Amino acid sequence: MKQVLESLIRQALSDLVKSGELAPQEAFAEGFQPSSLKINLDVPKDKQHGDFASNIAMVSSKVFGKAPREIASLLTGALAGSKIVEKTEIAGPGFINFYIRAESRLAAIPTILAAGERYGHSRAGKGKKIQVEFVSANPTGPLHVGHGRGAAYGASLSALLAATGHEVVREYYVNDAGRQMSILAASLWLRYLAILGESFAFPVNGYKGDYLLEIAQQFADEHGERFHRPAAKVFAGIAPDEPQGGDKEQHIDAIIARCRELLGEEHYEILFNTSLDAILADIADDLGEFGVQYDRWFSEASVASEIPGALALLRSKGHIYEQDGALWFRSTSFGDDKDRVVQRDNGEYTYFASDIAYHKNKFDRGFDTVINVWGADHHGYITRVKAALTALGLDADRLVVKLVQFAILYRGEERVQMSTRSGSFVTLRELREEVGNDAARFVYVARKTEQHMDFDLELAKSETKDNPVYYVQYAHARISQLWQKVPAGVAERLKQTDWTAKDSAALLEPLSEDAELALVAKLAAFPEVIDVAAQNFEPHTLAHYLRELASEFHGYYNSTRVIVDEEPLVLARLALAESVAQVIRNGLAILGVNAPESM
RNA sequence: GCGCCCGUAGCUCAGUCGGAUAGAGCAACGGCCUUCUAAGCCGUGGGUCAGAGGUUCGAAUCCUCUCGGGCGCGCCA
């Protein structure tokens, strides 16, 4: 509807320019095309301002050197007699208000019922390859509630982009190469040794979570005594831990070294891979149950071989220099605060070096746009990564970093304490088990990413209208139940109607109430909601739209009976209700939330 | 100190590529169940859009400064 109206306005504008009634001022005349004017069409907040309103007359006032209301008058004159426009009004400083004919408004219903689950989908992003990398938490333990927000956002964003025709690759970058992983492997070993009866103080810096105990038990069951070494040997001559007045970092590093020494590289690798695989599998399970699927799990270790090449390329462009025995990337040339080390004086590459290679790899794969969903604490990292891309000769604007702010959990008024250190953090799995996947997905994604989020567990669990998830789902359930209650003949007739047929719209003529026309207008806006949400990477606008739609439907449902005596009216109202249900289904599907038939 | 994000109703938040009288839910107050799910609906009150300047036909929205909150500033990952 909106597109149709927009093209009508464009046509009228171009006709007026052709006929000379509108002529661009000299300053704008060169190369002027009517099509270069941006036509803004909005659904006004106030219904008295029509179905659509445009500010085109005001915006083009300077170009044409005429008063806005004069331009508006010419335009409305040219639009008179249109099939879809019932009337136009010029208001205020020069707004044009459009009133659409009732028949044209109702056209949304056949469109929805014919398109079904594809309604709202578009080809706006056709031919565009886009990668969304999200969560990418270190595989050193279970995901916590902060990761949940990134997961819900990334998954919904990906679904939005797919719905608008983009070719989407969902990717999880697995940090399987760093020191943290070595600490994890050593922690597993120590837990295993304890299970076999060894007694010692667990390192302050080790991973203390319960999840590791289970993995250790399985490891013991599988390998028996093969990895057993006496604690006395393990800790002989090891630098003291923090409680003993030592340095916890040195302590844990010494244990890792001892572990490799006592087990040998082959066995150490088994240990390492066991911990990595177990935790990664757990993360994948967790996300899978949360409705979050990936196309690719990208291993950091696998990009190691590409680091020298990427750095060589930077070096050849003069962006690498040596100082204090280390190699530095001159990121200050690209707006960074300081230069960054890419290779340490001990020869090891930094995490940043991996990231340069990884991002180069991403663009080498031909993505038009690469989206990184990061926790807000990583924002200081954006500049240097973009600097590296620019230095590599890539367009850094094609990398979009979406920062997701933290979520703070509340149980009613009370704040839920989260602490990684004590190991008492609330995991995503615990959250999902408490509030359910649907509520968690919806609540997470209902806020824009830049907003700090207060996640109220009580609210998310409540089965009342206070809870937006239930509110929207309930609207869907109510409509589903209607099908059971309408006369069988009507339901059957509706099911068999071919909504692509031209005369099918005639069935909807009984719809005449304001609430019905308003509801249809809301449904007609859905495709644009999807397009804009996808374009701006903002799934929260979809969540808000669904809430509004559900609210309008509940109001209508409460005031107007669907099942009445006149069959044509029942048919038309059921068609309207089913259109609402279809849009709710399509919207919730993108958000990863179920649309239940009954509640 | 420097950088990024945020500041909108008592609370949680929309609205921010400039548009008409700044919206919604909760909470408060008042109504609605012999009728398709009251898991719901209708109504009322509630605002210095943190503050001050500026840009213009028009600013919550853009620019500058100030204040308040969060986060970041490693040869860690």
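Worth saying up front: this structure is predicted, and the values here are computed from it rather than measured.
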Taking atom types as modelled, find out whether [X] and [Y] have a side-chain donor-acceptor pair closer than 3.5 angstrom.
X: A/Asp339; Y: A/Tyr321; answer: yes
X: A/Asn205; Y: A/Glu249; answer: yes
X: A/Glu300; Y: A/Tyr351; answer: no
X: A/Asp336; Y: A/Thr383; answer: no

ask   = Is it true that A/Arg415 and A/Asp454 make a salt bridge, defined as a side-chain N closer than 4.0 Å to a carboxylate O?
value = no
For a quick check of understanding: with a heavy-atom distance under 4.0 Å over all strands, which category does [X] fall into, base, sugar-phosphate or nothing?
X: A/Ser182; answer: nothing
X: A/Asn97; answer: base
X: A/Ala446; answer: nothing
X: A/Ser598; answer: base
X: A/Arg447; answer: sugar-phosphate
X: A/Tyr470; answer: nothing
X: A/His49; answer: base
X: A/Gln481; answer: base

Between [N] and [M], how far is it from one [atom1] atom to the other, in whole Å?
N: B/U16; M: B/U8; atom1: C1'; answer: 11 Å
N: B/C26; M: B/G70; atom1: C1'; answer: 25 Å
N: B/C65; M: B/G25; atom1: C1'; answer: 36 Å
N: B/U61; M: B/C5; atom1: P; answer: 16 Å
N: B/G58; M: B/A22; atom1: C1'; answer: 15 Å
N: B/C41; M: B/A27; atom1: P; answer: 12 Å
N: B/G19; M: B/U64; atom1: C1'; answer: 24 Å
N: B/C71; M: B/C75; atom1: C1'; answer: 24 Å

Least distance between heavy atoms, [X] atom then [Y] atom:
X: A/Asn536; Y: A/Lys402; value: O-NZ, 4.5 Å
X: A/Thr541; Y: A/Val529; value: O-CG1, 4.3 Å
X: A/Gln405; Y: A/Glu450; value: CG-O, 3.0 Å

request  = Apply the test side chain to side chain donor-acceptor pair (under 3.5 Å) to residues A/Gln180 and A/Asn175: give CA-CA distance (whole Å), side-chain angles for both, the deciding distance (0.1 Å), then the verdict.
outcome  = CA-CA 9 Å; A/Gln180 297 305 319; A/Asn175 296 112; over 6 Å; no
request  = Examine B/G15: is either OP1 or OP2 under 4.0 Å from a nitrogen or oxygen in the side chain of A/Lys448? Give yes or no.
outcome  = yes
ask   = Taking C-beta and beyond as the side chain, do A/Ser73 and A/Ile90 meet within less than 4.5 Å on heavy atoms?
value = yes
Round to the nearest Å and state the distance from [X] atom [atom1] to [N] atom [atom2].
X: A/Asp456; N: B/C13; atom1: CG; atom2: P; result: 10 Å
X: A/Ile408; N: B/C13; atom1: CD1; atom2: C1'; result: 15 Å
X: A/Trp374; N: B/C5; atom1: CH2; atom2: C1'; result: 15 Å
X: A/Leu459; N: B/A39; atom1: CG; atom2: P; result: 17 Å
X: A/Ile382; N: B/C5; atom1: CD1; atom2: C1'; result: 10 Å
X: A/Lys386; N: B/G3; atom1: NZ; atom2: P; result: 19 Å

task = Please confirm whether any donor atom in the side chain of A/Lys485 sits under 3.5 Å from an acceptor in the base of B/U35, or the reverse.
result = no
ask   = What about A/Asp42: does its side chain form a donor-acceptor pair under 3.5 Å with the base of B/A20?
value = no
For residues 561-569 of chain A, which side-chain N or O atoms pair as donor and acceptor with protein atoms under 3.5 Å away, sequence neighbours left out?
{"from": "A/Arg561", "atom 1": "NE", "to": "A/Ile563", "atom 2": "O", "distance (Å)": "3.4"}

request  = For A/Arg561 and for A/Arg478, find the nucleotide of RNA chain B with the closest heavy atom, then tell me which residue's nucleotide is more 5'.
outcome  = A/Arg561
remark   = By nearest-nucleotide position on RNA chain B, the 5'-leaning member of A/Tyr556 and A/His544 is A/His544
Report each atom pair, protein N/O against N/O of nucleotides 55-58 of chain B, whose distance is under 3.5 angstrom.
none

query = Between A/Phe455 and A/Tyr444, is the ring centre distance below 6.0 Å?
reply = yes
task = Examine A/Phe134 together with A/Tyr153 and report whether their ring centres are nearer than 6.0 Å.
result = no
Any N/O pairs under 3.5 Å between the protein and nucleotides 23-34 of chain B? List them or say none.
{"from": "B/C26", "atom 1": "OP1", "to": "A/Lys465", "atom 2": "NZ", "distance (Å)": "2.9"}

ask   = Reading RNA chain B 5' to 3', how would its secondary structure be written in dot-bracket notation, given Watson-Crick and G-U pairs with both distances under 3.5 Å, brackets [ ] for crossing pairs and | for partners on other strands?
value = (((((((..((((.....[...)))).(((((.......))))).....(((((..]....))))))))))))....
query = Picking from B/A14, B/A20, B/C36, which would you name as closest to the side chain of A/Gln451?
reply = B/A14
query = Who are the side chain to side chain donor-acceptor pair (under 3.5 Å) partners of A/Tyr358, not counting sequence neighbours?
reply = A/Glu171
query = For every nucleotide of nucleotides 69-77 of chain B, 5' to 3': is a protein heavy atom under 4.0 Å from its base (B), only from its sugar-phosphate (S), or from neither (-)?
reply = BSBSSSBSB
note = With syn defined as a glycosidic angle within 90 degrees of 0 and anti as anything else, the base of B/C13 is anti
task = Look at the aromatic rings of A/His319 and A/Phe329 and report parallel, tilted or perpendicular, splitting at 30° and 60°.
result = perpendicular
request  = Go through A/Glu538 and A/Lys448 one step at a time and tell me if the salt bridge (charged side-chain N to carboxylate O under 4.0 Å, His left out) criterion holds.
outcome  = CA-CA 7 Å; A/Glu538 290 184 336; A/Lys448 55 183 173 189; over 6 Å; no
request  = May I have the step-by-step check of side chain to side chain donor-acceptor pair (under 3.5 Å) for A/Arg478 and A/His554, ending in yes or no?
outcome  = CA-CA 9 Å; A/Arg478 274 183 150 175; A/His554 283 309; 3.0 Å; yes
